[in-house]
Every structure is written in structure tokens, then in C-alpha cells.
> 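This is the structure I want to talk about, given as C-alpha cells.
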Amino acid sequence: MTLEDAEACLFGGRTLEIPESVMKDVEDCYEFLKRFSTDKVIYGINTGFGPMAQWRVDDSSLKELQYNIIRSHSTGAGKPLDDVCVKAAMMARLGTFVQARSGVHPDAVRLLLNFINLGICPMIPEHGSVGASGDLVQLAHISLAMIGEGKVHYRGEWRDASDVLRECGLKPVEIHIREGLALTNGTSVMTGIGVVSHIYMMRLIYAFVLASVWANEVASSFDDLMSEGLNECRRHPGQQKVAAMMRAFSEGSRCLLKREHDLYDNSHAADKVFDHKVQPYYSLRCVPQVIGPVYDTVMAAGKVLEDELNSASDNPIVDPVSGNVYHGGNFHGDYISLEEDKAKIAMVRLAMTAERQLNYLFHDRINGILPPFLNLGRLGLNYGMQACQFTATSTTAECQTLAMPNYVHSIPNNNDNQDIVSMGTNSALLCRRVVDNAYQVVSILYMALAQATDCLGIRDSLAPATRAEYANIRSMFPAFKEDEPFYEKIAMVERYLREKTVEQYKL
């Protein structure tokens, strides 16, 4: 499963299918475990869980053991995860099962597939995972719905899982050998949240790079900041990618200046002071250098997430090929936790740069070409977008506070059985919050760029790509002179940016 497949399923309505050959592998793995486990001590099959693994469980209680881990670990707290994150988490769990290394009965895999394709989303509270034995608590809530207990969100309503299963013609999952442990043990929730955030991060990077071209058009910047000759000298793929994106977005612009035409032609040789800035501010000029590492970081996180989507992340690992059952720690969430922290920091940097571009547009003494706060009304009586900056600044400040890595915040628990933990789900949740905040800041930037375009009357001189964005913003609301509430406009622009895919930015 690629990230593109995940996006098509999560946002494009595509359903998932499992080839029969894969289901045959799942069944073979189950049958092997059934034979292998008859006379052996195997963790979580005939022993207790965690620190309780030192106690053997009687054969007569093995099914009860599996139900117990589901029910006892359904202890989440806080608001429920969004449906899209729950669906992504179930996709990640399905990705583990189709590796045919979990020993689950094929019926459990089929039921999980039905949950995904039918839009049955178990209630998963945000809080509960330390990301060590995976997302035990959150995955237990998925498992609870699969055994016909707990709540699910289905067609916009919270309902009893048992009622929805019955309505959809589905039977609760039956415990065979280790379905309880396999369903609750792994990195699927942190991975699912990370996948959703990654999709939004990639969309936002493209949106912000386009906005940066637009901001440089407003500033009448020299276009060599994005030139191939400049950026190819620094051997970072992200910087070169961002510069190439800027060149594509700026194609056809009549706002950007050519240094060779304006400063290299000797027409200013006698000038002592230059009215136009020889080099724009860093937030405008250094976009390839600032957003390049953001792009590289998010892409690297995407590779880790894609690998995790296609990994067996539970314990123990059942391997019918080698004829063995391996005990270890594939459930540990360090890979996801570390990448989500890095991606979060990168998104904070993007939000900070967007806020600085906003400050340039709003600050008349800095830009020297625009009215204060892009105010097209009467100065003193009207306020333009003055208060929008408060929102952007406070939201960026929250991002900066949230930038503290969570990966390093291990707290031993579980009778010190889990003596080093990843906090991966917390990292993923915090990253998602930063991404949401960054969208708000960039949405205000888009509104400001449209207003600045009207202040200067440069709509027809914009590049086709930025002129199209101007038209899209103005289709939502016109330029404003009189003071009016902005919160609904900010929300409209945010929805627009969230829904625009990376493919739609490609020219």
C-alpha cells in the first residue's frame, strides 16, 4: 500500500481489496500457528500479557484471555479521533495482517476490511497510548467494536457497534487463537494519524510555495531567488525541488523583476540610494532554503510511514516460512514518533515563515507600497486585516510551543516492563495539531495576498498560477473596504486549501 493508495482510499472514495493469494497466506499463517502452539509456551496465547506473562493460562481460559485484553485495555480518554484518522488506523492494522505474520484467522481480516470499506469507525479516544506495545489502548477500542461491543461512528451517528454490525450483515469477530492480542498490539493508530497528517502536509507545502511566489510578485522581487543557477549550487534535493516549484508557479508573471534588466544594465551606476530593495526580506527571498528542508523532512517521514503501512508491527511474529514464532518488539513506535516530531518541527517552520510574510504585507513601513493592514477603507475608522494578524501570530506561537519533541519524553510504566517507550501516538497527535494550526496561518496569508493584489491593482500581471488562486479566493468573497467578521472567510479558505490535492498544483 502506497501513500497514494491511502490518500485515494481516505479522500477519494476508493475501496480496498485483498487478493485471494494474500488471504491464502493469512490462512496458512493461522493454520501454522494453530499446529505450532498446541504444546508450546507462546506469549499472549497461553500466558498473561505484559508483566503477567510469567503466569501460564489454563487451556480452558484461552478464549477468555483474548477477550480480556480487549475489554481491559479499552481505557481511552479525551475526544474521539476523527473518522479519517480511525479509517487510516484500520488501514494500517490491515497492512500488518496482510503480511501474514500475525496468525489471525482470516475472518478477522475480512471484518476489518468491511469496517474500512463501509465507513464503520470505532470510537477511539485520543489519549491512552505510550506507543510501546504499540497503541494498545486505542487499538483495543477498534477491537471492542469488532467483537460487537462499544460505539462506532456510522453515517454521521454514534451507535452501538452491535446494532451497526447487525444492520450491515456482519458478525462479530470470533476468537480463535490470538485475535485479541493481534488486534490490539502494534503501531497502527500512530501510523494512521501520521498518514493523514502527511497527506495534509504535502498539500500545504505546495500551497505555501505558491503563496510565496505570489508574495514575491506583490513585492516585485527579483526572480533570481528561485533560479536554477543559484539553487543547483546547493546540493539539497528539497531546496532544488522548491525552487523548481517556484519557477513553475511564476511562469508568465509580469510582476517579478529581472536583475539583469534592472541592476546589471548600468542604468543605476550613478545612484547612491536605491528606491527598490536590492534583495527582499529573508521570508521572501529564502523560501527555497527555508522550505527545502521542510520538504525533505516531510518526504522522509512519508517513506517511514509507507514502510510502516506495509510492516508486521505486532508481537510475537508468526513465521510459517521458517516454522518459528519470534518474540521481540516490532510494536515499538520509535520510527513513527521520531519522524512525527521532525515533521512537526518542519511544519512549525513553515507557519513561522508564513507569519513573517504576513507581517511584510501588513506593515506599511516595511513594505513601503501597501496601506497599513491592507486597509482599503478609511484609515483610523476602518481596520483592514489588522486583527487577522493577531490570530496568525497567536497560532504560530502555539506551534512554537508544541515544537518540543515528544520522542524524548519516555516515562517507564507497566511495572517497568515498558521501561523505554516511544510516545509515538502523542507525537502524531501533536504533529496533527501543528498541521491544523499551519493551515490557519496560511489561509490568512492567502486572504492577505488577494487583498494586496487588489490594493496594487496587479491582478492581470500575476502569473497564471497565482492569478488562478486569486480568482479562487475572490470567488469566495470580494475585496473588502468596510469592517466585517473574518472568521467564516478564514474557515472557507482553509477548507479550500485542505481539499486541493498536490496533483492540482502541478502545471
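Note: hydrogens, waters and symmetry copies are ignored here, and every other heavy atom, side chains too, is used.
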> With the side chain counted from C-beta on, respond yes when N114 and C168 share a heavy-atom pair under 4.5 Å apart, and no when they do not.
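They are not in contact (no side-chain heavy atoms under 4.5 Å apart), so the answer is no.
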> If the condition is side chain to side chain donor-acceptor pair (under 3.5 Å), which residues does N437 pass it with, not counting sequence neighbours?
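N437 satisfies side chain to side chain donor-acceptor pair (under 3.5 Å) with E398 once adjacent residues are dropped.
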> So, do E340 and M190 sit near enough that their side-chain heavy atoms are less than 4.5 Å apart?
no
> Whether D82 and R432 form a salt bridge (side-chain N of Lys/Arg under 4.0 Å from carboxylate O of Asp/Glu) is what I want to check.
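Judged by the 4.0 Å cut-off on N to carboxylate O distance, R432 and D82 do form a salt bridge.
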> Could you please spell out the steps behind the side-chain hydrogen bond (donor to acceptor under 3.5 Å, both in side chains) verdict for Y30 and E179?
CA-CA 10 Å; Y30 163 75; E179 280 69 27; over 6 Å; no
> Which heavy atom in A92 sits nearest to a heavy atom in G192, and how many Å separate them?
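Distance-wise, the nearest heavy atoms are CB-N, 4.5 Å.
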> Please name the pair of heavy atoms, one in H198 and one in G302, separated by the smallest distance, quoted to 0.1 Å.
CE1-CA, 3.4 Å
> With side chains defined as the heavy atoms from C-beta onward, is the minimum distance between I142 and F115 less than 4.5 Å?
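Sidechains of F115 and I142: no contact.
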> Pair up each side-chain donor or acceptor in residues 421-429 with any protein partner under 3.5 Å, not counting sequence neighbours, and list the distances.
from	atom 1	to	atom 2	distance (Å)
S422	OG	G131	O	2.4
S422	OG	G424	N	3.0
T425	OG1	S129	OG	3.2
T425	OG1	D135	OD1	2.2
S427	OG	S337	OG	3.0
S427	OG	M423	O	3.2

> What pair of heavy atoms forms the shortest contact from K63 to I175, and how long is it?
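Heavy atoms of K63 and I175 come nearest at CE-O, 3.2 Å.
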> What's the verdict on salt bridge (Lys or Arg N to Asp or Glu O under 4.0 Å) for E339 and K303, showing C-alpha distance, side-chain angles and the deciding distance?
CA-CA 10 Å; E339 294 303 320; K303 175 63 168 62; over 6 Å; no
> Hey, does L10 have a side-chain heavy atom less than 4.5 Å from the side chain of V196?
yes
> Tell me, please, which residues at least two apart from E7 pass salt bridge (Lys or Arg N to Asp or Glu O under 4.0 Å).
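If we apply the salt bridge (Lys or Arg N to Asp or Glu O under 4.0 Å) test to E7, skipping adjacent residues, the hits are R203.
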> What's the shortest heavy-atom distance between R93 and N185, and which atoms?
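Nearest pair, atom of R93 first, then N185: NH1-O, 2.9 Å.
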> If every non-hydrogen atom of C121 is compared with every non-hydrogen atom of M90, which pair is closest and at what distance?
CA-CE, 4.5 Å
> Indicate yes or no: at least one non-hydrogen side-chain atom of L358 is less than 4.5 angstrom from one of Q389.
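No, too far: nothing below the 4.5 Å cut-off.
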